Amino acid sequence: MQASTYTLAEGLRLPTNGLDYAILALYFVVVLGIGFAARRSVRTSLDFFLSGRSLPAWVTGLAFVAANLGATEILGMAATGAQYGVAVVHWYWIGAIPAMVFLGLVMMPFYYRSKVRSVPEFLLQRFDASAHLLSSALFAFAAILIAGVNLYALSIVVEALLGWPQWVAIVVAGLFVLAYITIGGLSSAIYNEVLQFFVILAALIPICVIGMKKVGGWDGLSGNLEQRHGDDFLTAWGGTGIGDANPLGANWLTIVLGLGFVLSFGYWTTNFAEVQRALSAKNLSAAQRTPLIAAFPKIFIVFLVMLPGLVAAALVPKIGTAGSDLTYNDAIPYLMQELLPNGVLGIAVTGLLAAFMAGMAANVSSFNTVFTYDIWARYAVKGRADTYYLRFGRLITAIGVLASIGTAFIASSFSNIMGYLQTLFSFFNVPMFVVFVIGMFWKRASMKSGVWGLVAGTTAAMLNYFWIYQQGVVDIPTDQGANFVSAIVGFVAGAVVMVVVTLFTAPKPEAELAGLVYGTASPGLEADDGVEAGDSAWYRRPALLGWGAVVLAAACYVPYSF
C-alpha cells in the first residue's frame with residue numbers, strides 16, 4: 001500500500017510526566033521479573049526453545065495473537081484505516097481468520113505429531129536436506145529483517161513521542177528484549193506476550209472510547225467520513241470491481257487470492273514465529289486450540305486498530321495529504337496527544353512499547369530456534385551434549401538481536417514499513433507455503449521438488465516485484481497491489497515447478513510418509529496427544545472452536561460487505 005512513511009510529525013511530543021514514566025518503569029520491572037521466574041524452568045534446550053512443550057492452550061493462544069500484534073500492526077493498520085477506511089477489515093477477516101483455523105484443524109496435527117522442533121524441520125522429514133537447509137536459511141534471514149522492522153518503528157515513535165534519539169531507542173529496546181529472552185527462553189517470551197496482550201488492549205481501548213465520544217459516536221463519525229470520502233470509505237468492497245479504480249490499488253480477485261489465500265495462508269501456517277507458540281503447547285489438543293483460541297480476539301482486534309484511524313481521519317480531514325503536517329501513521333500518536341490524560345497516557349505509551357517488543361521477541365525467539373536446531377546442530381556441529389546447544393542458543397540470541405539492530409537501519413531506507421513487511425512475506429512465506437501444502441496433500445511430490453519449489457517461488461516473486469512492477473513492465477497501481485500479485489506469481493511458479501520436477505525425479509518411499517501426508521496414518525500416537533480423559537468440554541474441541549471462529553467472523557463481516 002502506498003501509505004505515508006514512518007516519520008511522525010515533529011509536533012507530536014507527548015506531555016508525559018512522572019506518573020507516566022513510573023508506569024513505564026513498573027512494566028519494565030515486571031517483564032524482567034517474568035524472565036527471571038521463567039529461568040528456573042530452563043534446564044534443557046527443549047525448555048529454552050519450546051518451553052518443554054508444557055504450556056496450556058490459553059497461554060499459547062494469547063501469545064500466538066500477541067506475537068502478531070506488534071507495533072507495525074497497530075500503527076500500520078490504524079494508518080490503513082485513516083487512508084482506506086473500513087477496507088482494513090480485509091487484513092483480519094479474510095487475511096487471518098481462515099488461515100488460523102486451517103492451521104489449527106489441518107496443519108497442527110502434522111507439525112505436533114511429527115515432533116519437529118521447527119517449521120523447516122518438517123520439510124526435512126517430508127522432502128530432503130536441501131529443502132530443509134534452504135528453508136532454514138530463508139526463514140532465519142527473514143526473521144532478522146522483520147525483527148529489525150519492529151526495532152526501527154519503535155525508534156521512530158519513541159523519538160517523536162518521548163524525545164529519545166533513534167539510535168538510543170533501537171539499542172535500549174534491543175538489549176531489553178535480549179535480556180528477558182536470554183534469561184528465560186521461549187517461556188519468558190510467551191508469558192511476556194500474554195502480559196503484553198493485555199497491556200496493548202489497555203492502551204487501545206481508551207483511545208477508541210474517548211475518540212468515538214469526541215466525534216459524536218458512530219453516527220457522527222460515519223456522517224463526517226461519508227461526506228468527506230464518499231460511501232465506499234465505510235464499506236469493505238466498495239470500488240473493488242475488476243477494472244475499477246480505488247485507493248487500495250487492488251480488486252476483489254487480488255484481495256481474495258493474493259491476500260486471503262496466498263499471503264494469509266503463507267504467513268499464518270508456515271511462519272515459525274507464530275507456529276512456535278503452538279508447538280510449545282502441552283499436547284496435540286492444546287496445540288490445535290492455540291491458533292483457534294487466538295482467532296477469537298483477532299476477530300475483534302480489527303476494531304481497536306481501525307477506529308483510531310477513522311477517528312483521526314474525521315478530526316484531521318487533510319491527514320496524510322500535502323495540506324497537513326500529519327501523516328497517516330500519526331493517527332494513534334495524534335489521538336494519544338490530544339485525548340489521553342496523564343496516567344492513561346503512560347499506559348498507552350507502555351502499550352505501544354509492549355507491542356514493539358512483542359513483535360521483535362517473537363521473531364528473535366523463532367530465529368534462535370531455527371538457527372540452533374536446523375542449521376548449527378544439523379550441519380555445523382553435530383552430536384554435542386544438550387548443554388552445549390543450550391549455551392549456543394543463548395549466544396545466537398545475542399547475535400540475532402545485534403543483527404536486528406543492524407537491519408533496523410536497513411528498514412529505515414524504505415518509505416513504507418507495512419509495504420516492506422508484505423513484500424518480505426511474499427518473498428519468503430509464500431514459497432514455503434506452496435511447498436508445504438503440496439507436500440502435505442500429494443504423496444507423489446518427490447524429494448527434490450521441495451527445494452526447487454522454494455527456489456522457483458522466491459525467484460518468481462522477486463522478479464515480479466523488482467522487474468515487472470518497479471521497472472514498469474506491467475502497470476500495477478500501488479505497492480500493496482504489487483505485493484498481492486507477487487504472492488500469486490510466487491505461489492503459481494512454485495506449484496508448477498514442483499509438479500514438473502516430480503514428474504522427472506523419484507518420490508519419497510511411501511513408508512517414510514506416514515503421518516506427513518494427509519490421509520496417511522501417524523506411526524504412533526502418544527497418550528498425551530488428545531484431550532484429558534473424561535473431559536469433553538466444548539473449549540477442548542478444536543473443530544468446534546475453529547468453525548465457531550469462522551462463523552463469528554462471517555457474522556461480523558456482514559455489515560461491511562455491502
Side-chain angles (χ1 to χ4, degrees), residues 44-65 67 99-127 132 135-136 139 185-187 189-190 193 265 267-295 362 365-366 369-370 372-374 432-433 435-437 439-441 512-533 535 539-546 549:
T44 68
S45 62
L46 187 66
D47 295 332
F48 185 78
F49 294 117
L50 287 177
S51 301
R53 295 186 188 270
S54 62
L55 300 180
W58 74 268
V59 170
T60 55
L62 291 180
F64 188 96
V65 70
M100 294 167 76
V101 171
F102 182 81
L103 171 64
L105 297 183
V106 178
M107 295 188 72
M108 281 315 303
F110 292 96
Y111 284 141
Y112 201 89
R113 284 173 176 164
S114 62
K115 298 302 179 185
V116 296
R117 295 165 295 188
S118 69
V119 168
E121 190 175 357
F122 183 87
L123 293 184
L124 175 64
Q125 295 190 14
R126 175 59 184 89
F127 295 101
H132 172 247
S135 64
S136 300
F139 177 82
L186 182 63
S187 293
I190 285 180
E193 284 162 0
F265 279 67
Y267 175 82
W268 290 102
T269 63
T270 65
N271 183 24
F272 188 49
E274 302 292 337
V275 175
Q276 186 182 29
R277 274 76 193 140
L279 287 178
S280 66
K282 62 182 180 180
N283 55 39
L284 174 59
S285 177
Q288 284 190 276
R289 282 180 281 134
T290 293
L292 304 180
I293 290 172
S365 60
S366 59
T369 303
V370 168
T372 302
Y373 279 148
D374 294 286
M432 195 175 296
F433 170 64
V435 172
F436 266 84
V437 74
M440 280 185 171
F441 291 97
E512 298 178 17
L513 296 178
L516 300 176
V517 178
Y518 194 79
T520 61
S522 179
L525 301 182
E526 297 189 5
D528 67 347
D529 274 353
V531 300
E532 289 81 349
D535 189 348
Y539 54 83
R540 295 193 184 279
R541 303 177 192 173
L544 186 59
L545 276 176

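Position 1 is the first residue of the sequence, and the numbers go up from there. In this text the structure is predicted, and so the values were computed from the model without any measurement.
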Query raised in the report: For the residue pair Ala362 and Ala67, what are the closest heavy atoms and their distance?
Result: CB-CB, 3.6 Å
Query raised in the report: Roughly how far, to the nearest 0.5 Å, is CZ of Phe122 from OG1 of Thr270?
Result: 12.0 Å
**Report entry** Nearest-0.5 Å distance that lies between atom CG in Leu123 and atom OG in Ser136
**Finding:** 8.0 Å
**Report entry** Inter-residue atom distance Leu55.CG - Leu279.CG, 0.5 Å rounding
**Finding:** 11.5 Å
Query raised in the report: Yes or no on side-chain contact (heavy atoms from CB on, under 4.5 Å) for Met432 and Val119, after CA distance, side-chain angles and deciding distance?
Result: CA-CA 10 Å; Met432 195 175 296; Val119 168; 4.0 Å; yes
Query raised in the report: Tyr112 side chain to Ala281 main-chain N or O, any donor-acceptor pair under 3.5 Å?
Result: yes
Requested in this report: Please state whether the rings of Phe102 and Phe441 are parallel, tilted or perpendicular, taking 30° and 60° as the class boundaries.
Outcome: tilted
Report summary line: Between the CE atom in Met108 and the OG atom in Ser285, the distance rounded to the nearest 0.5 Å is 11.5 Å
Query raised in the report: What class does the angle between the rings of Phe433 and Phe265 fall in, given that below 30° is parallel, 30 to 60° is tilted and above 60° is perpendicular?
Result: tilted
Query raised in the report: Is there a side-chain contact (heavy atoms from CB on, under 4.5 Å) between Arg126 and Leu513 once you walk through the steps?
Result: CA-CA 7 Å; Arg126 175 59 184 89; Leu513 296 178; 3.6 Å; yes
Query raised in the report: With a 4.5 Å heavy-atom cut-off, do Phe139 and Asp374 have their side chains touching?
Result: no
Report task. Would you check if Leu105 and Leu292 make a side-chain contact, meaning some heavy-atom pair closer than 4.5 Å? Result -> yes
Query raised in the report: What are the two closest non-hydrogen atoms of Ile190 and Ser280, and how far apart are they?
Result: CD1-OG, 3.4 Å
Query raised in the report: Out of curiosity, Ile293 CD1 to Met100 CE, how far, rounded to the nearest 0.5 Å?
Result: 10.5 Å
Query raised in the report: Is any side-chain heavy atom of Val106 less than 4.5 Å from a side-chain heavy atom of Met440?
Result: no
Report summary line: So the salt bridge (charged side-chain N to carboxylate O under 4.0 Å, His left out) pairs with at least one residue in residues 269-280 (sequence neighbours excluded) are Glu193-Arg277
Report summary line: Taking every heavy atom of Ala57 against every heavy atom of Thr290, the minimum-distance pair comes out as O-OG1, 4.4 Å
Query raised in the report: Does Gln276 use its side chain to pair, donor to acceptor, with the backbone of Ser365 at less than 3.5 Å?
Result: yes
Query raised in the report: Roughly how far, to the nearest 0.5 Å, is OG1 of Thr269 from CE of Met107?
Result: 4.5 Å
Report summary line: The single option from Val59, Val275, Leu103 that satisfies side-chain contact (heavy atoms from CB on, under 4.5 Å) with Phe64 is Leu103
Query raised in the report: Do Thr372 and Phe48 have side-chain heavy atoms sitting under 4.5 Å apart?
Result: no
